[in-house]
Visitor: 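Here it is: the structure, laid out below.
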Amino acid sequence: MVSLRIALRYLVSKKSHSAVNVISLISMAGVAVATVAIVCVLSVFNGFHDLAEDRLSVIDTDIRIVPATGKTIAEADSLAASLTQLQSVDTAVATIDEQALAISGPRQMAVTMKGIPAGYAEVSSIRRTVIDGEYSDMTDSAECALLSVGTAIKLAAHPGPDTPFALYVPRREGRINPSNPAAAFRSDSLRVGGVYEVQETDKDASTVVVPIAVARHLLDYTTEASAIELSLRRGTDPEAAVRELSEVLGKDYRVLDRLRQEEKSFRMIAIEKWITFVMLAFILLIASFNVISTLSMMMLEKADNMTTLRSLGATGSMIRGIFVWEGWLISVIGGITGIAVGVTLCLLQQHYGFIRLSGDASQLSIIAYPVRVSAADLGAVMGLVIVTGLFISLVTSRFAPRR
């Protein structure tokens with residue numbers, strides 16, 4: 001295209017006024033700096049996503065099955081027993097998750113009560129997270145509770161028979177007597193058997209693990225459960241197991257692998273990442289306005305050239321096309337430069353960790369910002385640069401001389 005060839009010549013040729021060259025370089029630099037920022041920030045979010053994926057909760061099971069609608073699974077024990085017949089499944093157990101009120105002496109707090117059966121330690125690593133006391137096998141006859149470290153601290157509860165501990169849950173069935181509010185709750189007194197810590201704020205804050213028989217008693221359940229959790233046989237592909245279980249169970253159940261069990265955390269990272277991308281896109285747009293200054297100066301400098309081109313038969317659209325290409329090339333070159341610099345910085349950070357997290361290194365699980373460059377992110381950034389540059393160029397070219 002003639003317009004593109006002329007625009008390329010204008011871009012690389014020396015201008016009669018040095019100010020035009022300086023403004024052109026400033027425009028490219030502005031786009032490049034904004035692009036570097038976007039690439040680096042998106043790569044940091046990718047790094048934290050990978051970090052969260054590598055450090056999934058140690059107490060999450062390989063697969064968790066929950067009802068697609070409602071809160072409970074009827075005949076959960078029978079369903080769990082039938083799932084163990086599948087070749088990919090090693091052990092399957094029913095569990096219950098519900099809110100409750102925990103009281104220990106004069107202290108009380110809302111907690112998440114988790115009811116587990118005797119075989120739960122076979123599907124989860126919860127046994128090795130106990131930091132005080134011991135892990136009970138949670139048989140139906142056991143009347144002990146395992147507290148998360150945050151719960152133990154807030155309730156000032158510690159393992160031993162001398163610590164009073166009770167759980168209260170609102171009655172699901174029957175009439176409530178307003179004159180006797182305490183009758184609206186079912187309660188059970190337990191012994192604190194141990195305290196566990198998984199080093200995750202949400203799971204350590206307010207969880208109480210009890211035998212599933214205790215949870216069913218408090219909730220007036222018989223064979224119902226909130227979920228079925230299972231472990232896979234060694235060497236089984238989790239994705240293949242999810243597909244198999246989904247086909248067997250049908251649409252009435254959701255089958256969650258370890259990643260999908262932490263879906264909220266990963267969704268939050270993704271939301272923060274793309275909100276930040278939008279904010280930085282506005283910065284890129286503002287930086288791209290420097291291209292307007294460059295094109296305006298170039299229109300003034302090349303006014304005589306435009307007159308010559310019109311004398312040779314160039315149309316108004318062709319002349320406008322020259323400046324569209326000119327502005328677009330400035331943006332694209334700046335964008336490519338920014339991506340190259342951004343990728344280089346990210347790779348250096350990935351291998352050498354120059355930028356470190358603040359705080360006591362002995363207390364941090366990582367000491368440097370994690371980064372990972374994604375080809376999809378680079379494509380999105382380049383697409384943004386192209387669209388932004390084209391938009392700015394089209395707007396500016398409307399002021400190109402027509403005669």
Side-chain angles (χ1 to χ4, degrees), residues 59 61 64-67 70-80 93-121 123-124 126 130 133 135-152 154-196 202-229:
I59 60 174
T61 54
R64 179 180 171 88
I65 300 169
V66 297
K71 296 179 62 174
T72 60
I73 299 174
E75 302 296 335
D77 294 331
S78 299
L79 181 57
V93 296
T95 61
I96 294 176
D97 293 281
E98 190 54 85
Q99 300 300 308
L101 176 68
I103 298 179
S104 179
R107 300 171 182 247
Q108 61 184 27
M109 65 177 291
V111 297
T112 299
M113 177 182 65
K114 186 176 184 68
I116 63 174
Y120 187 73
V123 300
S124 172
I126 191 172
V130 176
Y135 176 80
S136 171
D137 286 336
M138 298 294 176
T139 58
D140 291 347
S141 60
E143 293 187 355
C144 62
L146 184 66
L147 310 185
S148 66
V149 63
T151 305
K154 292 176 183 176
L155 294 178
H158 54 82
D162 299 330
T163 301
F165 183 82
L167 286 175
Y168 289 79
V169 176
R171 289 183 179 273
R172 296 177 55 251
E173 301 175 352
R175 301 178 63 180
I176 298 175
N177 184 359
S179 63
N180 184 17
F185 293 84
R186 293 180 68 90
S187 64
D188 204 337
S189 297
L190 301 166
R191 174 180 61 86
V192 178
V195 178
Y196 74 92
D202 56 338
K203 290 184 171 62
D204 285 336
S206 58
T207 305
V208 175
V209 180
V210 299
I212 194 170
V214 173
R216 282 174 169 161
H217 165 70
L218 291 171
L219 296 168
D220 291 317
Y221 287 167
T222 53
T223 59
E224 298 93 335
S226 303
I228 294 175
E229 303 185 42

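If you read the sequence from its start, that first residue is 1, and numbering goes on from there. The figures that follow rest on heavy atoms only: side chains count, while hydrogens, waters and symmetry mates do not.
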Visitor: Under the side chain to side chain contact (heavy atoms under 4.5 Å, CB included) rule, what do T95 and R64 come out as? Steps first, then yes or no, please.
Guide: CA-CA 10 Å; T95 61; R64 179 180 171 88; 4.1 Å; yes

Visitor: How far apart are the C-alpha atoms of F165 and L155, what are their side-chain angles, what is the distance that settles it, and do they pass the side chain to side chain contact (heavy atoms under 4.5 Å, CB included) test?
Guide: CA-CA 9 Å; F165 183 82; L155 294 178; 3.7 Å; yes

Visitor: Work out which heavy atom in A94 is nearest to a heavy atom in P117; give both atom names and the distance.
Guide: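 Minimum heavy-atom separation between A94 and P117: O-CD, 3.2 Å.
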
Visitor: What do the steps show when you test L146 against I126 for side chain to side chain contact (heavy atoms under 4.5 Å, CB included), and what is the final call?
Guide: CA-CA 10 Å; L146 184 66; I126 191 172; 3.9 Å; yes

Visitor: By side chain to side chain contact (heavy atoms under 4.5 Å, CB included), which residues pair with A152, not counting sequence neighbours?
Guide: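 Result, side chain to side chain contact (heavy atoms under 4.5 Å, CB included) vs A152: L147, V195.
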
Visitor: Apply side chain to side chain contact (heavy atoms under 4.5 Å, CB included) to the pair E229 and S124, showing each step before the final yes or no.
Guide: CA-CA 9 Å; E229 303 185 42; S124 172; 5.9 Å; no

Visitor: Is there a donor-acceptor pair closer than 3.5 Å between any side-chain N or O of S148 and the backbone N or O of D204?
Guide: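 Pair found, side chain donor or acceptor close to backbone of D204.
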
Visitor: Ignoring hydrogens and angles, state whether a donor on the side chain of E224 or T72 is under 3.5 Å from an acceptor on the partner side chain.
Guide: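 On atom types as modelled, these side chains do not qualify, holding no pair under 3.5 Å.
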
Visitor: So, taking the atom named CD1 in I212 and the one named NZ in K114, what distance separates them when rounded to the nearest 0.5 Å?
Guide: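 The CD1 atom of I212 sits 9.5 Å away from the NZ atom of K114.
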
Visitor: Sequence neighbours left out, cut at 3.5 Å: what donor-acceptor pairs do the side chains of residues 100-108 make with other protein atoms?
Guide:
residue : atom : partner : partner atom : Å
S104    : OG   : P164    : O            : 2.8
R107    : NH1  : K154    : O            : 3.3

Visitor: Looking at every heavy atom in both I73 and P67, which two are closest together, and how far apart are they?
Guide: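 Closest pair (atom of I73, atom of P67, distance): CG1-CD, 3.7 Å.
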
Visitor: Over all heavy atoms of both residues, which pair between K203 and Y196 is shortest? Give the atoms and the distance, please.
Guide: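 Distance-wise, the nearest heavy atoms are O-OH, 3.8 Å.
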
Visitor: Hey, does E98 have a side-chain heavy atom less than 4.5 Å from the side chain of L218?
Guide: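 They are not in contact (no side-chain heavy atoms under 4.5 Å apart), so the answer is no.
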
Visitor: In chain order, what residues pass the side chain to side chain contact (heavy atoms under 4.5 Å, CB included) check against Q99, with sequence neighbours excluded?
Guide: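 With sequence neighbours excluded, Q99 shows a side chain to side chain contact (heavy atoms under 4.5 Å, CB included) to T112, given in chain and number order.
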
Visitor: Looking at I96 and A215, what are the two nearest heavy atoms and their distance?
Guide: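 Taking every non-hydrogen atom into account, CD1-CB, 4.1 Å.
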
Visitor: With rounding to the nearest 0.5 Å, note down the distance linking CZ in R191 to OG1 in T163.
Guide: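 The CZ atom of R191 sits 10.5 Å away from the OG1 atom of T163.
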
Visitor: Provide the closest heavy-atom pair for S189 versus E143 in the form atom of the first, atom of the second, distance.
Guide: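 Heavy atoms of S189 and E143 come nearest at O-OE1, 4.4 Å.
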
Visitor: Give the minimum heavy-atom separation between S206 and A110, together with the two atoms involved.
Guide: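 Taking S206 first and A110 second, the nearest heavy atoms are CB-O, 3.8 Å.
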
